[in-house]
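Taking it in order: structure first as structure tokens, then the write-up.
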Number of protein chains: 2
Amino acid sequence: MTALKKNDGTVGKALSLLDKVAEFGRPVRFSELLTDSEYPKATLYRLLQTLTSQGMLGYDNERQLYSLGVRLVRLAHAAWQQSSLAPIARPLLDQLSLKVGETVHLGQLDHGQVLYVDKRNPTSPLAMYSGAGKIGPGYCTGIGKAMLAFLDEEQRLRLVKQQSFHRYTETTLVTQEMLLAELVEIRQQRVAFDREEHEANIICIAAPILSGTNRVLGGLSITTSTTRYSLSQLQQFKADLLETAQNIGKLAESWHFPEINS
Amino acid sequence: MTALKKNDGTVGKALSLLDKVAEFGRPVRFSELLTDSEYPKATLYRLLQTLTSQGMLGYDNERQLYSLGVRLVRLAHAAWQQSSLAPIARPLLDQLSLKVGETVHLGQLDHGQVLYVDKRNPTSPLAMYSGAGKIGPGYCTGIGKAMLAFLDEEQRLRLVKQQSFHRYTETTLVTQEMLLAELVEIRQQRVAFDREEHEANIICIAAPILSGTNRVLGGLSITTSTTRYSLSQLQQFKADLLETAQNIGKLAESWHFPEINS
DNA sequence: AACCATGTTTCATTATATGGAACAACTAAA
DNA sequence: TTTAGTTGTTCCATATAATGAAACATGGTT
């Protein structure tokens with residue numbers, strides 16, 4: 001699941017622990033971490049101590065539970081602002097969502113998966129963080145396939161091999177071959193569809209966001225349900241979707257950072 | 001500014017680099033980091049390599065710029081969900097904001113500063129992340145003072161000493177003594193006021209969120225401007241504020257984590 | 001009182017990080 | 001074209017920090 005785990009010394013080990021804690025999805029005991037840890041007790045213990053003292057983990061003394069620390073929230077705010085497409089794309093997302101009246105997602109590639117960095121839901125405005133930071137599979141979401149399709153061949157093959165191919169629904173693509181064939185199709189059409197591949201009744205149309213040099217920067221999708229639109233009816237959004245995606249790409253491209261005074 | 005920097009070995013150094021990059025607020029060059037770095041070139045270089053390969057930093061090859069990585073956004077989503085008050089408090093914030101018709105903030109303590117983890121703005125529903133993750137000073141915000149006031153004496157003194165006491169406005173409390181005196185008052189009244197101490201024309205009433213054992217879990221505030229309410233009129237929110245804060249505390253307390261099967 | 005599970009500390013050994021200096025690659029000036 | 005000046009990358013002997021087996025606490029259970 002977690003892509004590469006090359007050895008980056010102590011720092012790598014410490015950071016992998018953060019993922020471990022995140023995986024649990026709840027505060028976790030030392031012993032729980034120990035059981036499926038590759039490190040011996042003392043080592044694990046000191047790593048946790050370090051991370052805790054650094055504020056990357058929180059520790060509840062009474063209950064002896066480790067959880068992800070608030071420092072992460074602070075850092076992520078900065079990360080989101082300075083290195084995601086979200087701040088740039090914000091007004092364009094607003095516009096698109098308003099125009100089509102459906103849910104709009106903005107995503108980026110992260111280790112072959114889709115990291116959602118922003119979302120607009122025209123019916124119910126949502127509280128913050130409810131969408132950003134979530135991840136989804138690359139091989140069975142519209143944004144994921146759109147981004148994979150437009151990578152250069154080497155990267156594309158590498159990331160396709162990394163996919164876990166879990167069969168979520170009947171239409172999920174479950175082999176590398178099926179996915180690769182679909183990606184060819186997507187490159188031709190310039191849009192990807194999610195045909196209830198990840199969740200029943202949920203469909204979407206998605207496009208990649210490309211830089212001037214055709215590097216994949218992210219992906220954009222319009223999501224709806226089969227009770228509202230048929231797959232073929234989604235085609236009607238294609239023009240608006242492509243236009244917005246292209247505009248975001250342009251904006252990101254021209255986003256040269258202020259003065260770099262050395 | 002950055003509170004404690006005890007030596008936590010290599011991991012500590014690496015993490016402090018993340019803060020450095022975050023401080024810049026924009027993608028940054030190697031040489032920029034080098035100039036105000038306490039580490040020699042080679043060391044800094046390898047730390048950056050490690051962090052980049054770990055996805056904690058992103059690197060733009062063409063422009064040679066480091067930025068905070070997407071992995072942080074993913075981790076932070078988990079952190080926010082599992083270790084902040086926000087998910088628990090969400091419905092109560094909605095309720096309070098709706099009832100009083102003013103902006104509501106939810107914050108937690110982070111190294112003597114206020115880390116805002118959620119926010120409700122009744123007039124303009126905001127996009128995600130626009131508020132969560134931001135930090136504010138502890139000594140001149142309502143939530144900050146409310147939380148400081150209810151810490152045990154040892155912690156309170158320690159954190160008060162850490163404050164930087166910058167004079168934002170005429171009413172900012174700029175000495176430890178003034179702040180400590182104010183904190184006594186706050187403990188008596190059970191609410192704190194921000195009397196335009198951080199920003200002109202912005203006032204708020206705030207209360208701490210306490211556990212059953214009176215540990216400070218966070219703080220809650222109702223913010224408005226002097227054009228809409230006077231300071232004394234803010235009193236009218238006191239009952240609702242205290243009730244909500246208490247309910248959040250209770251909820252958090254009873255939030256015992258599912259099964260901890262070893 | 002004896003036992004067991006969980007968490008913490010010690011310390012000799014080993015592996016890793018360190019940083020001065022050399023090396024590239026690229027620009028700007030001579 | 002040469003020379004000097006940036007900025008980024010690699011080397012390698014040394015110093016430092018991480019390691020982990022085992023001993024030690026601590027608290028709960030029979």
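All values below come from the heavy atoms of this structure, side chains included, with hydrogens, waters and symmetry mates left out. All values reported here derive from a predicted model rather than from experimental measurement. A note on names: the letters A, B, ... follow the listed sequences, proteins ahead of strands, and every chain is numbered from 1.
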| query | Could you give the NZ-to-P distance, from Lys13(B) to dA15(D), as a whole number of Å? | reply | 16 Å

| query | So, is Ser31(B) near the phosphate of dG8(D), with a side-chain N or O under 4.0 Å from OP1 or OP2? | reply | yes

| query | Does Thr10(A) place a side-chain N or O at less than 4.0 Å from the phosphate oxygens OP1/OP2 of dA17(C)? | reply | yes

| task | Give the rounded distance in Å between these two atoms: CG of Leu65(B) and C1' of dG8(D). | result | 13 Å

| field | Distance in angstrom units between Glu32(A) CD and dT6(C) P, rounded | value | 10 Å

| Over how many whole Å does the gap from Tyr39(B) atom OH to dG19(C) atom C1' extend? | 14 Å

| note | For Asn247(A), the side-chain contact (heavy atoms from CB on, under 4.5 Å) test, sequence neighbours excluded, returns Leu92(A), Glu243(A), Lys250(A)

| message | For residues 140-153 of chain A, which residue pairs pass the side chain to side chain donor-acceptor pair (under 3.5 Å) check, not counting sequence neighbours? | response | Lys145(A)-Glu182(A), Lys145(A)-Glu197(A)

| Qualifying residues under side-chain contact (heavy atoms from CB on, under 4.5 Å), relative to Tyr39(A), sequence neighbours excluded | Lys13(A), Ser16(A), Ser37(A), Thr43(A), Leu47(A)

| query | Given atom CG of Leu34(B) and atom C1' of dG8(D), what is their separation to the nearest angstrom? | reply | 10 Å

| Salt bridge between Glu32(B) and Arg26(B), side-chain N to carboxylate O under 4.0 Å? | yes

| Can you name the residues that form a side-chain contact (heavy atoms from CB on, under 4.5 Å) with Gln64(B), not counting sequence neighbours? | Arg29(B), Tyr59(B)

| said: Please give me every residue in residues 40-50 of chain B whose heavy atoms get under 4.0 Å of an atom in DNA chain C, ordered by residue number. | reply: Pro40(B), Ala42(B), Thr43(B), Arg46(B)

| said: Nearest heavy atom decides the nucleotide; on that basis, is Phe30(A) or Val11(A) closer to the 5' end of DNA chain C? | reply: Phe30(A)

| said: Arg187(A): which residues meet the side-chain contact (heavy atoms from CB on, under 4.5 Å) condition with it, sequence neighbours left out? | reply: Ala149(A), Phe150(A), Arg156(A), Leu183(A), Val184(A)

| said: Tell me the interatomic distance from Leu51(A), atom CG, to dA18(D), atom C1', rounded to whole angstroms. | reply: 14 Å

